[in-house]
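What's counted below: heavy atoms across the whole structure, side chains too, no hydrogens, waters or symmetry copies.
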Amino acid sequence: MIIHSMHARNVLKYTSLRLDDLPANGLIAISGPNESGKSTIGETLCFALFGRTFSLDYEDLTKIIHWGETHCSVEVDFTASDGERYTLDRYLDDSGNHSAR
């Protein structure tokens with residue numbers, strides 16, 4: 001899988017997260033001080049792809065929503081191993097309503 005972009009709103013530490021034009025080859029490093037949101041990027045991608053994160057199970061899923069907000073969403077644009085390009089949208093609100101398209 002090659003991820004081209006990821007856009008998120010109200011997910012964990014971020015009210016808005018935009019990662020655009022990610023390179024198709026090579027390594028991507030994420031660096032920064034403690035508590036700056038590095039792990040949140042991985043958690044956000046995990047939520048987009050699988051509907052959960054690696055640190056929160058389904059019972060705690062609404063904790064993904066940024067504090068004080070009522071919903072969150074993530075969009076990931078990627079090329080799969082079949083060579084086709086896809087966009088995955090995932091949504092969650094504070095009532096537990098959850099969707100993926």
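How far CG of Asp93 is from CG of Asn10: 12.0 Å, rounded to the nearest 0.5 Å. Atom CD in Glu43 sits 13.0 Å away from atom NZ in Lys38 (nearest 0.5 Å). With rounding to the nearest 0.5 angstrom, the CG atom of Asp82 is 10.5 Å from the CE atom of Met1. The line from CG of Asp77 to OG1 of Thr87 is 4.0 Å long, rounded to the nearest 0.5 Å. Note that CG of Leu19 and CG of Leu45 are 9.5 Å apart. Values are rounded to the nearest 0.5 Å.
Here the shortest heavy-atom pairing between Val74 and Phe47 reads CG2-CD2, 3.8 Å. Contact detail for Val76 and Ala48: the closest heavy-atom pair is CG2-CB, 3.5 Å. Considering every non-hydrogen atom in both Tyr86 and Ala80, the closest pair reads CE1-CB, 3.7 Å.
Leu22 places none of its side-chain heavy atoms less than 4.5 Å from the side chain of Met6. Considering only heavy atoms from C-beta on, Thr79 comes within 4.5 Å of Arg85 through its side chain.
Under a hydrophobic-cluster definition in which Ile, Leu, Val, Met, Phe, Trp and Tyr are linked whenever side-chain heavy atoms come within less than 4.5 Å, directly or via other members, Ile2 and Ile28 are assigned to different clusters. There is a path of hydrophobic side-chain contacts, each under 4.5 Å, that joins Phe50 to Leu17. Grouping the Ile, Leu, Val, Met, Phe, Trp and Tyr side chains by contacts below 4.5 angstrom, directly or via other members, places Phe54 apart from Val11.
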Acceptor/donor pairs from residues 59-68 side chains to any protein atom, 3.5 angstrom cut, sequence neighbours excluded:
unit_1, atom_1, unit_2, atom_2, d
His66, ND1, Leu12, O, 2.7

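Residue pairs meeting the salt bridge (Lys or Arg N to Asp or Glu O under 4.0 Å) criterion with at least one partner in residues 1-21, sequence neighbours excluded, are Lys13-Glu35, Arg18-Asp20.
Side chain of Tyr91 to backbone of His71: no donor-acceptor contact under 3.5 angstrom is found. Proximity of a side-chain donor or acceptor of Ser95 to a complementary backbone N or O of Asn97 within less than 3.5 Å is not detected.
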